[in-house]
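What you see below is based on every heavy atom in this structure, not just the backbone, and it leaves out hydrogens, waters and symmetry mates. Numbering of residues begins at 1 and proceeds along the displayed sequence.
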Amino acid sequence: MLGSHTVMDKRAIQHSARRVLDPVVGGLASFGVSPMLVSAFGLAFSLWGAVVVARGSLLGGGVFLLIAGLCDVLDGDLARRLNRASAFGAFIDSLLDRVSEFAYFGGILMYVLRRPNDVPTYEPVVILIAMMGSVLTSYARARAEGLGYQCKVGVMERPERIGLLALGLIAGYRFLMAVMMLLAISTLVTVVQRIRHVQRASTGR
């Protein structure tokens with residue numbers, strides 16, 4: 001019961017956010033902007049933001065991540081508004097999302113390793129676990145849907161991961177490390193939740 005309420009709350013928040021962004025989508029549609037162009041801008045902001053983080057600016061990287069996340073919302077809504085939504089578009093969008101996440105985790109790892117003070121051994125490990133959990137979370141959903149099962153379950157889906165990561169970057173190094181620990185734990189929990197979901201769906205339970 002709690003899980004269903006959580007999903008409903010997430011969907012309600014996403015619906016409210018899309019209503020706020022609806023005028024922006026309408027403006028882009030009126031100018032004939034391609035959804036793929038918006039996706040490309042989102043990727044560019046992500047890659048540059050990761051470079052900014054690696055070079056030492058967490059705040060700048062957080063701002064770029066928020067802009068990239070905005071593009072990630074706009075491209076799908078714009079495609080639907082222009083009736084250009086397609087399986088290939090969804091495939092490319094998902095692929096670019098993975099590149100974006102890899103880039104940011106890589107930028108954070110480089111930032112940590114380049115700090116002038118001695119870096120605690122656990123910090124790079126936590127970052128790698130968080131990255132692995134994020135990848136496995138996305139892979140579990142993609143593989144499940146490839147087998148014909150809906151798998152939009154779990155406590156830490158992509159919007160939550162991006163929001164937390166941006167907040168951690170903007171708040172500073174110590175808070176960012178706390179966010180990394182939270183992501184490391186919650187993404188692995190999400191993977192387990194998706195495994196159980198597919199197990200139940202595949203056995204008819």
Side-chain angles (χ1 to χ4, degrees), residues 1-18 21 35-36 38-40 42-43 46 50 65 68-81 83-106 108-109 125-168 179-205:
M1 183 66 69
L2 180 61
S4 63
H5 282 307
T6 302
V7 172
M8 289 176 63
D9 290 341
K10 287 181 181 181
R11 299 295 175 260
I13 293 171
Q14 291 172 5
H15 180 69
S16 298
R18 283 187 162 88
L21 294 174
M36 193 64 72
V38 178
S39 298
L43 177 63
S46 292
L65 181 57
L70 179 62
C71 291
D72 190 37
V73 174
L74 291 175
D75 60 2
D77 289 352
L78 181 60
R80 286 184 286 273
R81 178 70 65 90
N83 293 319
R84 296 185 188 176
S86 65
F88 179 71
F91 169 76
I92 291 296
D93 186 54
S94 180
L95 189 65
L96 296 184
D97 288 346
R98 304 292 79 75
V99 174
S100 173
E101 286 194 74
F102 263 115
Y104 259 92
F105 280 115
I108 293 169
L109 183 60
V125 175
V126 167
I127 294 170
L128 289 174
I129 292 174
M131 179 168 64
M132 179 186 70
S134 296
V135 172
L136 287 177
T137 297
S138 300
Y139 176 77
R141 175 179 170 180
R143 187 70 181 112
E145 292 181 349
L147 295 171
Y149 302 109
Q150 287 291 325
C151 197
K152 297 179 181 180
V153 299
V155 296
M156 193 57 65
E157 296 184 273
R158 177 173 163 78
E160 290 83 5
R161 295 199 304 272
I162 297 303
L164 270 176
L165 196 55
L167 180 62
V179 166
M180 286 293 107
M181 292 181 187
L182 177 59
L183 286 175
I185 296 170
S186 60
T187 52
L188 294 181
V189 169
T190 301
V191 172
V192 173
Q193 288 177 312
R194 291 185 170 182
I195 291 172
R196 288 175 59 84
H197 173 77
V198 174
Q199 180 190 26
R200 290 170 177 170
S202 63
T203 56
R205 293 169 54 189

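- For the side-chain contact (heavy atoms from CB on, under 4.5 Å) with Leu165, the lone residue among Met180, Glu101, Glu160 that qualifies is Met180.
- Using a 4.5 Å heavy-atom threshold, the side chains of Arg158 and Thr137 count as separate.
- Val38 and Cys71 get closest at one heavy-atom pair: CG1-O, 3.5 Å.
- Nearest heavy-atom pair, Ser186 versus Val155, reported as atom, atom and distance to 0.1 Å: O-CG2, 3.7 Å.
- Taken to the nearest 0.5 Å, the CD atom of Gln193 stands 5.0 Å off from the OG1 atom of Thr190.
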*Should Thr187 and Leu136 be marked as a side chain to side chain contact (heavy atoms under 4.5 Å, CB included) after you check the CA-CA gap, both sets of side-chain angles, and the distance that decides it?*
CA-CA 8 Å; Thr187 52; Leu136 287 177; over 6 Å; no

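- Interatomic distance, OH of Tyr104 versus CD1 of Ile127, reported as 14.5 Å (0.5 Å rounding).
- Nearest heavy atoms, Asp75 versus Ser39: OD2-OG, 2.7 Å.
- Between the His197 side chain and the Gln150 main chain, a donor and an acceptor come within less than 3.5 Å of each other.
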_Check against side chain to side chain contact (heavy atoms under 4.5 Å, CB included), Val198 and Cys151_ = CA-CA 7 Å; Val198 174; Cys151 197; 4.1 Å; yes

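- At least one side-chain heavy atom of Asp97 sits less than 4.5 Å from a side-chain heavy atom of Asp72.
- Separation of atoms CG (Leu167) and CG (Leu65) is listed at 11.0 Å; rounding is to 0.5 Å.
- By the 4.5 Å heavy-atom criterion applied to side chains, Arg194 and Val153 are counted as neighbours.
- Separating the CG atom in Asp93 from the CZ atom in Arg98 is a distance of 9.0 Å, to the nearest 0.5 Å.
- Pairs passing the salt bridge (Lys or Arg N to Asp or Glu O under 4.0 Å) check and including a residue from residues 126-142, sequence neighbours excluded, read Arg141-Glu145.
- Between Ala103 and Ala50 the shortest heavy-atom distance is O-CB, 3.2 Å.
- Val189 places none of its side-chain heavy atoms less than 4.5 Å from the side chain of Met156.
- Ala201 and Tyr149 get closest at one heavy-atom pair: CB-CD2, 3.8 Å.
- Note that CG of Leu183 and CD1 of Ile129 are 12.0 Å apart. Values are rounded to the nearest 0.5 Å.
- Side-chain contact between Phe102 and Val135 is present, with at least one heavy-atom pair separated by less than 4.5 Å.
- Counting only heavy atoms from C-beta outward, the side chains of Met36 and Arg84 never approach each other to under 4.5 Å.
- Side-chain contact, Arg161 with Ser138: a donor N or O sits under 3.5 Å from an acceptor N or O.
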_side chain to side chain contact (heavy atoms under 4.5 Å, CB included) between Leu96 and Ile92, worked out_ = CA-CA 6 Å; Leu96 296 184; Ile92 291 296; 4.0 Å; yes

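- Minimum heavy-atom separation, Ser46 to Ala68: OG-CB, 3.2 Å.
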